[in-house]
There are 2 protein chains.
Amino acid sequence: MIEYGKYKEGIGAMDTEQRTTIRYTFPFGKGLRLPPLDKSVLGGKGKQLAEMAAIGLPVPPGFIITTEACLYYLHHDKQLPKELTDEVQTAIKLLEGQMQAGFGNKDNPLLVSVRSGAAISMPGMMDTVLNLGLNDETVIGFAKVMNNEHLAYDCYRRFLSMYSSIVHGLPREEFSQALEAAKAIAGVHEDVELDVTALKGLCHTYQELFKKHVGHSFPQNTLEQLFGAIKAVFSSWDSERCRLYRHIHHIPNDMGTAVTVEAMVFGNRNDQSATGVGFTRDPATGERMFYGEFLTNAQGEDVVAGIRTPHPINLYQKKITESSLTSLEELMPDVYQELKDTVNKLEQHYRDMQDIEFTIDDGKLYMLQTRTGKRTGLAASRMAIEMLEEGLIDEKTVLRRVSPEQIEHMLAPVFHHRDKQRATAMMVAKGLNAGPGAASGCLALTSAKAIAYQSEGTACILVRKETNPDDFPGMVAAAGILTARGGATSHAAVVARGMGKPCVVGCSALHIDLQQGTVTCGDYTLKEGDPISIDGSTGEVFFCSLTTSPSEILQVLLTKEVEPENSRLYHYYSTVMALADKYRKLKVRTNADTPHDSSAARAFGAEGIGLCRTEHMFMDPERLLDVRRMLFSTHEEERNAATQKLLPHQKEDFKRIFRSMHGLPVTIRLLDPPLHEFLPHDDHEIRELATRLSIPEKKMMDIAHSLKEHNPMLGYRGCRLGVLNPALTLMQARAIFEAAAEVMLEGGKIYLEVMVPLVSLEQELLHQKILIDRVAADIAKDYGLCILYSVGTMIELPRAALLADRIAEQAEFFSFGTNDLTQTTFGMSRDDSAHFLPSYLQGVPNPSDSQEKLQLIHDDPFQTLDCDGVGQLIQLAIERGRKVRPNVKCGICGEHGGDPSSIAFCHKVGIDYVSCSPYRIPVARLAAARAALE
Amino acid sequence: MIEYGKYKEGIGAMDTEQRTTIRYTFPFGKGLRLPPLDKSVLGGKGKQLAEMAAIGLPVPPGFIITTEACLYYLHHDKQLPKELTDEVQTAIKLLEGQMQAGFGNKDNPLLVSVRSGAAISMPGMMDTVLNLGLNDETVIGFAKVMNNEHLAYDCYRRFLSMYSSIVHGLPREEFSQALEAAKAIAGVHEDVELDVTALKGLCHTYQELFKKHVGHSFPQNTLEQLFGAIKAVFSSWDSERCRLYRHIHHIPNDMGTAVTVEAMVFGNRNDQSATGVGFTRDPATGERMFYGEFLTNAQGEDVVAGIRTPHPINLYQKKITESSLTSLEELMPDVYQELKDTVNKLEQHYRDMQDIEFTIDDGKLYMLQTRTGKRTGLAASRMAIEMLEEGLIDEKTVLRRVSPEQIEHMLAPVFHHRDKQRATAMMVAKGLNAGPGAASGCLALTSAKAIAYQSEGTACILVRKETNPDDFPGMVAAAGILTARGGATSHAAVVARGMGKPCVVGCSALHIDLQQGTVTCGDYTLKEGDPISIDGSTGEVFFCSLTTSPSEILQVLLTKEVEPENSRLYHYYSTVMALADKYRKLKVRTNADTPHDSSAARAFGAEGIGLCRTEHMFMDPERLLDVRRMLFSTHEEERNAATQKLLPHQKEDFKRIFRSMHGLPVTIRLLDPPLHEFLPHDDHEIRELATRLSIPEKKMMDIAHSLKEHNPMLGYRGCRLGVLNPALTLMQARAIFEAAAEVMLEGGKIYLEVMVPLVSLEQELLHQKILIDRVAADIAKDYGLCILYSVGTMIELPRAALLADRIAEQAEFFSFGTNDLTQTTFGMSRDDSAHFLPSYLQGVPNPSDSQEKLQLIHDDPFQTLDCDGVGQLIQLAIERGRKVRPNVKCGICGEHGGDPSSIAFCHKVGIDYVSCSPYRIPVARLAAARAALE
């Protein structure tokens with residue numbers, strides 16, 4: 001038990017009380033009891049083999065070596081636990097009895113497969129060894145017992161090459177080359193056509209190869225073979241490839257893998273033998289049909305490796321794939337029927353689509369694997385909805401079956417698969433997949449150029465080293481955005497995601513030459529106007545044109561090109577969404593700065609605006625001069641005149657937003673960014689502005705210089721602007737309340753929330769609230785109306801969270817600005833974290849063992865809320881705020897508002913709503929529902 | 001009682017249970033009981049007048065109107081509480097009885113003075129009205145009763161002008177001009193020489209002036225006069241001047257002032273009358289002598305205003321001031337003796353030096369005020385020590401009597417007072433007094449120039465727009481530092497304070513023209529090399545030379561020019577320090593980066609180094625090229641060679657520091673600042689570096705560009721550098737441990753603490769600790785030594801504080817980096833806060849009443865720890881850290897380590913030590929002791 005406790009922590013498999021001594025192996029097979037342990041100990045594959053055997057399905061017998069043995073191995077310098085040797089030998093004995101054969105027995109040898117089986121399946125990632133138990137002597141006995149020399153040597157050559165590459169890491173190519181050479185000499189095309197002599201020769205060649213690389217002969221002791229294979233599977237858990245897979249799929253690194261050792265059955269015995277894989281429903285479309293492929297006279301690896309073209313499993317599939325190959329349904333109708341029945345039984349048992357492997361050994365069916373199948377977003381929705389209709393699952397299970405990411409994929413535009421394959425050669429680089437979707441167009445290197453293309457009606461991709469607020473119009477104009485710098489939460493990524501625009505960032509292989517107007521990558525150079533394509537779901541960049549089409553769901557919701565009743569995709573989407581809305585507790589609002597965004601958000605189901613930033617309104621090129629006049633003019637009349645000129649524009653924007661959100665709450669944030677963002681950036685432009693504002697050039701330079709900050713993120717911004725420039729707050733408040741009043745007069749329903757940004761002192765909020773309340777009272781009087789509104793604040797600085805009780809005395813709502821809160825809590829700027837955060841996420845060499853990697857952080861805290869640190873502040877702020885003002889409304893409006901795991905956290909801590917970009921709303925609705933079910 | 005509770009909060013005067021109805025007035029005088037209330041209600045002046053009367057000292061009778069009436073007035077739109085009218089009239093009646101005169105009675109009028117009296121005295125800040133009760137009729141009666149027409153009209157003209165200016169805000173100059181005109185016509189020099197006719201004329205002129213400005217005649221109703229004066233005193237609490245005073249002296253704004261109304265006695269009755277002020281000991285030197293000044297035939301205002309030269313109070317003072325004027329001791333020996341006895345009695349009673357006011361009315365002494373006297377640092381120490389010796393106070397009281405600021409003043413170099421007065425005209429500007437002390441020298445505009453002057457042996461003042469790390473050598477070379485930008489914690493201020501160097505920052509009136517090599521302020525322009533002087537204790541800037549001398553204490557401790565036994569100043573200093581050390585619980589360490597700083601710190605009593613930064617070692621111009629080679633070279637051999645070259649230098653620095661700290665703990669922080677700080681700043685220098693490092697120019701530019709950060713404070717710095725560049729950590733650890741080993745071999749005693757900066761993730765610390773431990777083990781083996789060391793971390797990011805429990809699993813000590821922690825908790829960069837923080841501190845127009853100011857924050861959080869926010873994180877981190885590791889040592893090493901009120905907080909929350917710059921150590925020792933006494 002001591003060993004157990006040492007590395008068992010965090011697995012949480014079972015009550016440790018139940019087991020008084022460690023046991024690492026568990027047999028399975030017909031008539032054997034199911035081990036009382038879960039997948040985290042037995043692995044998915046082992047657990048389900050044992051289950052299949054227990055419910056009477058045909059499974060070759062075998063035994064499982066648990067994940068605990070793997071963890072022991074990994075934590076003890078690659079030593080297996082001592083007890084394991086005995087336990088394995090006992091298990092082998094049992095197997096020998098079941099199979100009536102002896103392991104290593106030269107007359108009647110038992111052959112086994114050794115496979116990995118992690119708790120969470122990692123298809124194609126980990127290693128398998130087949131036909132283990134053969135050596136130079138047993139192969140002869142095996143041939144005799146089977147009465148099939150061809151089978152024996154086919155198995156032996158397969159075993160020799162698999163064992164060599166997997167257990168000893170020898171280069172696979174050399175084995176393939178030897179096989180090809182043998183086929184060339186024999187003058188045959190298919191492996192299976194090699195005769196016994198050729199196979200024997202191949203076995204000899206393979207053994208020579210082994211000796212050359214390893215330095216000694218191929219191990220003849222079958223137990224040595226077995227432990228070698230077990231160790232190889234354990235070690236593969238820590239391979240670079242598996243770590244990467246786990247990183248991408250958010251699977252913990254400390255789970256370990258189990259091993260299953262199973263008696264071999266032989267799909268390569270004869271023409272009445274076969275091996276295949278299948279899905280109980282179509283994983284691409286979700287259609288309810290048995291979908292699969294098989295090969296006769298083959299072993300499992302042949303199907304996966306694609307050496308021979310596999311056959312369709314049934315007539316239906318044969319028809320839709322227009323295949324001319326014989327189906328299993330035609331070839332072995334009885335076995336097919338048994339397989340189909342088995343498959344149905346499995347789906348009924350697991351109540352989910354299964355991904356199966358089977359082998360037919362001389363006409364007898366064996367199941368080698370069943371697991372929940374991976375699927376596309378479309379398939380996930382369709383299957384869940386249809387299983388609900390079939391009564392197989394309930395509504396809550398539907399919501400658990402469709403992941404938020406799958407909804408996201410359903411919404412993204414796509415490149416045609418075939419088109420993309422054709423363009424492989426032009427795939428020149430890969431960046432970070434920052435905004436899902438595919439976009440193609442001509443290269444634009446500046447915002448102006450992108451706008452010019454748009455006005456010509458030409459789609460373009462805006463390619464920039466990095467983007468800044470000035471590029472916003474160009475980003476709006478472009479079909480997709482590609483940057484050479486920045487991470488997943490860089491400006492480009494955030495803005496693009498907000499617009500649902502395909503975006504690839506941090507593509508450092510690109511060299512952008514603005515002088516020459518070119519983008520170079522390796523040997524390829526594009527000029528402005530040349531075609532370029534990006535796949536924001538994968539990060540791929542193509543130096544050519546590819547065709548795209550918007551998701552059908554968007555065609556229903558936004559462009560209205562498709563009628564809802566004509567879209568199956570929309571049907572599944574809307575059914576899942578309706579269920580999500582039924583179960584979720586969190587409200588979902590949107591971050592929207594424009595009437596256009598607001599309308600899109602409503603179509604996606606937004607229940608209000610959680611964050612309407614006003615700075616984008618200021619950045620409009622047509623207004624910028626007046627904005628600058630208002631902010632920087634040294635003449636009071638000019639400042640006032642500019643303010644008066646701006647007011648109607650801001651008001652008009654607000655009116656359009658209010659109209660589009662009729663009846664729903666709208667949260668408007670007062671101006672937030674540092675003033676210098678409104679200044680022209682180079683000397684030439686500053687000079688020009690000085691002339692237009694009739695300010696001496698030197699004075700203008702001084703203003704520009706004095707606004708320059710060392711750390712603008714921590715500088716003169718947010719409510720600090722409004723506290724020192726009350727006229728700015730008054731102007732914004734006036735625009736907001738006049739807009740509200742006028743829309744009310746039109747009959748609009750308004751629930752207005754005015755939000756003060758970057759508060760760290762309760763007095764700041766008090767100051768701003770007095771101004772806002774005064775304007776509200778004046779306007780209510782002028783228009784003779786009662787305007788429903790509340791004043792609240794962003795909680796985006798640690799101090800505000802810590803003093804939320806004091807702030808709640810003024811604030812009627814809290815909106816957690818998790819972007820800034822993450823920055824300040826970590827002391828890490830979003831923009832500058834690119835220097836180190838990617839390495840932190842990928843892991844750096846572990847200083848205690850440079851072979852290993854030390855991952856410093858598991859998720860990008862700008863994408864997934866850091867529950868431990870930032871989350872702690874949020875929780876604390878909610879508690880303290882509600883102590884003073886029990887009904888203080890709490891929302892979050894950072895990037896995290898659209899991130900599923902962050903949404904789960906928000907649900908848990910009692911947030912009232914999340915706010916995210918319009919295109920993330922469906923994701924958020926679903927994530928909120930799933931959180932409510934947890 | 002309801003009214004009471006409403007504005008009484010925070011005053012905490014007395015148990016509210018004791019009083020069932022509000023009473024706003026309390027009489028005092030011979031035979032009257034002392035009101036059972038404290039200074040916060042009665043005001044300092046009123047309370048002490050009542051006390052003097054109660055112990056039988058001669059005090060004219062009167063009554064007090066409490067601070068509660070003032071607060072009511074200020075919170076009720078300047079309306080007095082209703083009850084007050086009756087109460088005041090009752091009190092007046094009592095006074096009439098005591099004085100045998102009638103208020104407003106034209107035959108025998110009662111005259112009173114109306115004075116302010118806040119709980120904490122604010123000398124010279126608030127308003128007083130004398131001789132109230134006179135009008136055109138009572139003045140006649142008063143003349144008759146007094147049998148002194150001159151006295152009556154002298155009192156009347158004084159009353160008319162005081163009342164006009166104080167109650168109605170009329171311009172004082174017009175009254176002075178009228179007085180001057182009257183004297184000119186009469187051909188006399190002194191006010192007192194004006195005859196009755198002239199005085200009558202003046203009264204008429206004054207009344208005309210009043211009517212002209214106010215629009216109606218001067219009020220003849222004496223009660224109207226009285227309430228006008230009371231309101232004026234109450235209002236003066238909120239005057240700009242008083243708010244500023246309170247801000248500077250950290251007095252809360254919500255205390256309000258009391259009013260004392262007291263029967264007049266007349267120092268201007270005749271030549272047997274006089275008025276004067278005095279101190280029971282010399283407030284400048286602390287010498288035990290009665291010190292004071294007086295004028296015969298005068299009222300109090302005459303002494304304060306300096307219209308006539310006051311006389312010395314006694315022969316002793318006459319002698320030391322070489323005065324030829326008659327002393328009171330000579331003029332009225334009996335009265336003097338009575339005064340001296342009274343003064344002694346007061347000191348015995350209050351057990352502290354008293355600041356008194358008295359009046360002699362026709363040979364009879366009256367005490368008009370006694371309060372604890374303000375004093376210089378020297379005087380405070382001397383008096384406290386001597387009173388201890390006299391048995392007047394105990395040791396703890398000594399520590400309460402000397403403030404940390406007073407110790408600071410004792411250590412600062414000074415301008416000669418007379419020299420400074422002479423230079424008034426050349427005092428061209430005032431900035432923030434950032435580093436106490438006085439410095440004079442020639443103007444240097446660049447670091448290089450300052451170094452050049454130093455090498456010539458010429459003292460200079462470095463004047464920069466702002467400073468950065470490059471300026472460090474110049475700052476070391478200069479005698480004082482003056483900047484046009486930055487606040488009290490700007491780079492210049494922090495560095496200067498660390499060196500105990502006089503410094504004035506944020507002097508925005510200066511215009512620096514580097515091209516011309518000039519500094520301009522108003523009409524004055526200095527060229528480089530011209531003399532300039534700064535007083536870092538006051539913020540004054542002089543465009544001329546002034547002589548300075550270092551504090552005598554420093555001459556004893558550091559330069560050893562003075563023997564301890566020959567310095568009285570040192571005697572007082574060291575006695576106070578010894579007492580402080582006896583009572584304090586907190587250890588005091590120093591922030592020191594150089595052997596020189598370490599030695600100074602030990603002389604000041606440091607008990608170790610709490611923060612030794614290593615970046616200054618890197619910035620040495622002679623090493624910078626190798627540092628750059630190590631950090632930026634693209635050739636590995638060159639990097640290694642540079643590292644090897646640097647190692648002995650770093651090691652040598654550490655050895656010298658270890659030697660100077662023999663037997664005391666030394667905390668060394670690994671490299672912290674962003675790498676770009678080590679890069680050359682302009683293109684030319686980058687090109688040069690590229691050549692020297694044999695890196696293509698473009699590549700070098702790229703490196704420089706890639707290291708540029710938007711928010712360097714939140715960027716790639718601190719342990720992030722060491723995690724991604726383990727070689728850097730290894731090199732630093734090697735230098736540290738080799739130095740330790742070698743000093744140990746010399747016989748040195750080492751307690752080493754290695755500190756990892758800017759940790760936000762526990763894995764960062766783990767990573768760095770593994771490297772450090774490995775180097776430590778290697779070196780211990782190589783040298784055959786056991787090196788005592790621990791590894792800990794800065795807690796300087798909110799996340800580190802929140803997760804202190806996890807971090808404590810690795811960290812053996814926490815050092816709170818309160819500078820960074822303040823920046824991130826507030827979301828406010830130290831450098832950039834200059835845009836708004838000064839306005840926050842001074843207050844902005846209150847949006848509900850623009851006449852008032854709304855102060856957003858009371859103390860600069862970079863100077864005084866923000867206990868509410870930042871302090872909360874510190875407290876929480878200590879609790880959580882100690883839960884996991886009960887003996888985790890906790891210190892603070894930000895700027896706050898030398899700030900008395902921050903030190904008090906540190907004591908309260910259980911910090912083990914504070915660390916501050918060497919010159920702040922005495923301040924910290926005393927502050928720590930005072931905290932322990934609280």
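Per chain, numbering begins at 1; letters A, B, ... match sequence-line order. Note that the structure is a prediction, hence the values are computed from the model and not measured.
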### Message
Out of the candidates B:H710, B:R717, B:K708, only one should pair with A:D832 under the side-chain contact (heavy atoms from CB on, under 4.5 Å) rule; please name it.
### Response
B:H710
### Task
Could you look at B:I770 and say if it's the side chain, the backbone, both or neither that has a heavy atom under 4.5 Å from chain A?
side chain
### Task
Go through the steps for A:T824 and B:L797 under the test side-chain contact (heavy atoms from CB on, under 4.5 Å), then give the verdict.
CA-CA 8 Å; A:T824 44; B:L797 297 174; over 6 Å; no
### Largest heavy-atom contact set with chain B, pairs under 4.5 Å, which of A:L876, A:L761, A:V870
A:L761
### Closest heavy-atom pair and its distance - A:S760, B:F826
OG-CD2, 3.6 Å
### Query
So which of B:H835, B:Q823, B:E762, B:Q768 has the largest heavy-atom pair count under 4.5 angstrom toward chain A?
B:H835
### Query
Say you draw a straight line from CG of A:L714 to CG of B:D831; how long is it, rounded to the nearest 0.5 Å?
10.0 Å
#### Entry: Top contributor to chain B interface from A:L766, A:V759, A:L802 [non-hydrogen pairs under 4.5 Å]
A:L802
### Message
I'd like to know if the side chain of B:R774 and the backbone of A:S848 have a donor-acceptor N/O pair within less than 3.5 Å.
### Response
no
### Exercise: do B:Y840 and A:E764 side chains pair donor with acceptor under 3.5 Å
yes
### Task
Can you measure from CE (A:M713) to CG (B:N711) and round to the nearest 0.5 angstrom?
5.0 Å
### Interface moiety of A:L856 toward chain B, non-hydrogen atoms closer than 4.5 Å
both
## Note on the structure
Note: vs chain A, highest number of non-hydrogen pairs under 4.5 angstrom among B:Q763, B:R799, B:R806 is B:R799
### Task
Mind checking the OG-CZ spacing from B:S839 to A:R720? Nearest 0.5 Å is all I need.
12.5 Å
### Task
Check whether B:P726 gets within reach of chain A through its side chain, its backbone, both or neither, counting any heavy atom under 4.5 Å.
neither
### Message
Only pairs of heavy atoms separated by less than 4.5 Å count here; which of B:L758, B:L707, B:D820 has the most with chain A?
### Response
B:L707
## Note on the structure
Distance col, row A:T825:OG1 vs B:L873:CG, nearest 0.5 angstrom, shows 9.0 Å
### Summary
Per-residue tally against chain B (heavy atom, under 4.5 Å) across A:A801, A:G718, A:A800, A:G869 peaks at A:G869
#### Entry: chain B interface, residue from A:V844, A:L771, A:D866 that has the most non-hydrogen pairs under 4.5 Å
A:D866
